[in-house]
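Beneath this line is the structure, given in structure tokens, with notes to follow.
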Amino acid sequence: VQRVEFDGTETDEALIVSLLSCRNVEGIELGYGSEAITDGDVRMLGELRALKDLDFGSVEITDATLIALSRRRLLEKVSIHSYEVNDAGISALATCPLTELDVLAISVADDGMAAVSKCTTLERISVFGTEMTDRGLASIVRLPKLHSLWLDDVKIDGSGFAFVGEESQLSNVTLSD
């Protein structure tokens, strides 16, 4: 098994523990129905040595979980939908070889985006409902491999786009309210 998606399936600690026996799992999506999973349960996923793609879905994780999971430095795709995550948790991900990052409805602001800008492997970023301003935008538009950026419900006026350099790979920008 390389990818496991839980969508509408009631997921709990016992299911996470049984998943740990599948050592080749590269991707996990914790969709709706995963609300019974705790922050601590998610940290156990760090034992999966091949894990590269992690969508936290509706699970309310904390900065501590992101910090613990990022220590493995294998995550390439991460999707976070948690109000409990702020700049400290997002900053920890900068040590991973991320290519895709979804930051949805969380308490991340400019400092977190500045830390993310150190992850030079990022190709796609989606930011929704955060405290990011044009200062944070200016940090991420400088990423050398970034080609797709989706911004929705952020606090920008667009002046951060002035920092897109001539060598930029940014080819697709979606702005939404």
Report yes or no: does [X] contribute a side-chain atom to a donor-acceptor pair with the main-chain N or O of [Y] at less than 3.5 Å?
| X | Y | result |
| --- | --- | --- |
| Ser168 | Val164 | no |
| Arg72 | Leu48 | yes |
| Thr95 | Ala92 | yes |
| Thr121 | Leu98 | yes |
| Arg71 | Gly46 | no |
| Asn172 | Ser148 | no |
| Asp134 | Ser159 | yes |

Once you round to the nearest 0.5 Å, how far does [atom1] of [X] lie from [atom2] of [Y]?
| X | Y | atom1 | atom2 | value |
| --- | --- | --- | --- | --- |
| Cys22 | Leu51 | SG | CG | 12.0 Å |
| Asp55 | Phe6 | CG | CZ | 12.0 Å |
| Glu123 | Glu76 | CD | CD | 9.5 Å |
| Leu75 | Asp53 | CG | CG | 8.5 Å |
| Glu47 | Ile16 | CD | CD1 | 11.0 Å |
| Gln169 | Leu146 | CD | CG | 9.5 Å |

Hydrophobic cluster membership, [X] vs [Y], 4.5 Å side-chain cutoff:
| X | Y | answer |
| --- | --- | --- |
| Met44 | Val78 | yes |
| Phe161 | Val116 | yes |
| Ile67 | Leu45 | no |
| Val173 | Trp150 | no |
| Ile156 | Leu104 | no |

Determine, stepwise, if the pair Lys155 / Asp110 fulfils salt bridge (charged side-chain N to carboxylate O under 4.0 Å, His left out).
CA-CA 10 Å; Lys155 298 169 177 19; Asp110 296 332; over 6 Å; no
For a side chain to side chain contact (heavy atoms under 4.5 Å, CB included) check, start with the C-alpha distance between Asn86 and Asp63, then their side-chain angles and the critical distance, and finish with the verdict.
CA-CA 7 Å; Asn86 61 42; Asp63 288 334; 2.6 Å; yes
Full working for salt bridge (charged side-chain N to carboxylate O under 4.0 Å, His left out) between Arg3 and Glu5:
CA-CA 7 Å; Arg3 181 162 183 82; Glu5 296 180 16; 3.0 Å; yes
Quick check on side-chain contact (heavy atoms from CB on, under 4.5 Å): which of [options] does [X] satisfy it with?
| X | options | value |
| --- | --- | --- |
| Ile80 | Thr65, Leu93, Asp102 | Leu93 |
| Glu84 | Thr62, Val59, Asp39, Ile61 | Thr62 |
| Leu175 | Asp152, Leu151, Val154, Leu149 | Leu151 |

What pair of heavy atoms forms the shortest contact from [X] to [Y], and how long is it?
| X | Y | result |
| --- | --- | --- |
| Val103 | Met113 | CG2-CE, 4.3 Å |
| Ser91 | Asp111 | OG-O, 4.3 Å |
| Leu143 | Cys119 | CD2-O, 3.3 Å |
| Arg73 | Cys96 | CA-SG, 4.0 Å |
| Arg43 | Leu69 | O-CD2, 4.0 Å |
| Ser139 | Ser117 | O-CB, 3.3 Å |

Apply side chain to side chain donor-acceptor pair (under 3.5 Å) to Asp87 and list each qualifying residue two or more places apart in sequence or on a separate chain.
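For Asp87, no residue satisfies side chain to side chain donor-acceptor pair (under 3.5 Å) once neighbours in sequence are set aside.
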With sequence neighbours left out, what residues match Glu26 under side chain to side chain donor-acceptor pair (under 3.5 Å)?
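Once residues adjacent in sequence are excluded, Glu26 has no partner under the side chain to side chain donor-acceptor pair (under 3.5 Å) criterion.
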Are [X] and [Y] close enough that some pair of their side-chain heavy atoms sits under 4.5 Å apart?
| X | Y | value |
| --- | --- | --- |
| Val127 | Ile125 | yes |
| Thr99 | Leu122 | no |
| Val42 | Phe56 | yes |
| Asn24 | Val1 | no |

With a 4.0 Å cut-off, would you call Arg124 and Glu100 a salt bridge?
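Answer for the salt bridge query: yes.
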Any donor-acceptor pair under 3.5 Å linking the side-chain atoms of Ser82 with those of Glu60?
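A donor-acceptor contact under 3.5 Å links the two side chains.
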